[in-house]
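Notes follow the structure.
Numbering of ligands and ligand atoms starts at 1, following listing order.
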Amino acid sequence: MRDAARASAPIGVFDSGIGGLTVLRALRRRLPAEDTVYLGDTARVPYGPKSPETVRRYAAEAAEFLLGQGIKLLVVACNTATARALPDLSESLPVPVIGVVEPGAREAARRSSSGRIGVIGTQGTVDSGAYEAAILALRPEAVVEGLACPLFVALVEEGWTEGEVARLTAERYLRPLLGRGIDTLVLGCTHYPLLRPLLQEVAGSAVTLVDSAEATADAVQRELERRGLGAPVAAGQGAARYFVTDDAGRFRRLAARWLDEEPESLETVELARTAGGPRPGASRR
Ligand code: DGL
């Protein structure tokens, strides 16, 4: 691809389902001239409880599909997929790959005064230790407390982001972490920003919440500038296309709530299976 053609190519954004829309929204606000292609692997969500090998295979299949859409950069807008598959994807793909863990970890390391940092996410993300490693690389004296909060994903998918059930769940999960004196809490799952007002209330104003979406949009902007790959501003408002691997109707309903815009171009696709590593080819259904 020539440089001008590459700059006009879309940014690919991938998540296990709808959670990555929080990252996409931040990206589209920050870089309005960019075209984007979003893939939500809704047929196979959640990735959180799945084995590292399975998540790596799913991520490779999603990446191959988006490469087939001619993307210039891939955003892995899923914490679990980033935690499990980012090194493999970065090594094997011909485009730059940005995950959500490093930007969130950087932000937490910068904003914490005491260095006592809590990280909440899926079981896979917490088990991987990816946030802990990324934070300690930046602040070796930090104390990082990880906690899996799987019910938060279900609450968000159900639209129960406030009210008694959500509050009791948040209190039950967060109490032990808060008891350990954290001053910063990383929302290490793409669904959790939707619970942000409630989590802030439960954690109290002395705890800084860090959400990877903004930090990731910032990292994407810097990477595009560094490589001279930003879309020409004269191109106007970038187009957004959406693909899912399961029923598009449910995605459309949820996405309308999560985004500033209705998803206009939305298709269901079937991802090509890979034996482990990436392989070209994905077919539409
Ligand atoms: N998108 C996932 C993440 O950020 C949450 C949902 C899932 O378990 O797949 O980790």
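- Between Glu53 and Arg84 there is no salt bridge, since none of the side-chain N atoms of the basic residue sits less than 4.0 Å from a carboxylate O of the acidic one.
- The distance from ligand 1 to the heavy atoms of Tyr47 drops below 4.0 Å at these ligand atoms: 7 (C), 8 (O), 9 (O).
- With a 4.0 Å cut-off on non-hydrogen atoms, Asn79 touches ligand 1 through its backbone as well as its side chain.
- Ligand 1 places these atoms under 4.0 Å from at least one heavy atom of Val45: 9 (O).
- In the hydrophobic clustering of this structure, Leu138 does not group with Leu86; members are Ile, Leu, Val, Met, Phe, Trp, Tyr whose side-chain heavy atoms approach within less than 4.5 Å, directly or through other members.
- Against a heavy-atom cut-off of under 4.0 Å, Gly48 is close to the following atoms of ligand 1: 7 (C), 8 (O), 9 (O).
- Residue Gly19 places no heavy atom under 4.0 Å from ligand 1.
- Looking at Val210, Leu199, Val119 one by one, the single match for side-chain contact (heavy atoms from CB on, under 4.5 Å) with Leu187 turns out to be Leu199.
- Looking at Glu164 and Arg167, no side-chain N of the basic residue comes within less than 4.0 Å of a carboxylate O on the acidic one, giving no salt bridge.
- At a 4.0 Å cut-off, not a single heavy atom of Gly17 sits close enough to ligand 1 to count as contact.
- Residue contacts with ligand 1, taken as heavy atom pairs separated by less than 4.0 Å, involve Thr122 solely via side-chain atoms from C-beta onward.
- Remark: ligand 1 atoms within the under-4.0 Å shell around heavy atoms of Thr80 are 3 (C), 10 (O).
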Item to check | Stepwise side-chain contact (heavy atoms from CB on, under 4.5 Å) test for Glu34 and Leu27 | outcome: CA-CA 9 Å; Glu34 298 290 341; Leu27 206 56; over 6 Å; no
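- Taking a cut-off of under 4.0 Å to the non-hydrogen atoms of Ser16, the atoms of ligand 1 that pass are 1 (N), 2 (C), 6 (C), 7 (C), 9 (O).
- Between His191 and ligand 1, no pair of N/O atoms sits closer than 3.5 Å.
- The pair Glu201-Arg196 does not meet the salt-bridge criterion, since no charged nitrogen lies less than 4.0 angstrom from a carboxylate oxygen.
- Checking side-chain atoms of Lys72 against main-chain N and O of Gly12 turns up no donor-acceptor pair under 3.5 Å.
- Under 4.0 Å from ligand 1, the heavy atoms of Asp15 that appear belong solely to its side chain.
- A salt bridge is absent between Arg250 and Asp247; no separation between the charged side-chain nitrogens and carboxylate oxygens falls under 4.0 Å.
- Set against the non-hydrogen atoms of Cys189, the atoms of ligand 1 under 4.0 Å away are 3 (C), 4 (O), 5 (C).
- For ligand 1, the polar-atom distance check against Pro46 finds no nitrogen or oxygen pair separated by under 3.5 Å.
- In this structure, the side chains of Tyr192 and Val153 come closer than 4.5 Å at one or more pairs of heavy atoms.
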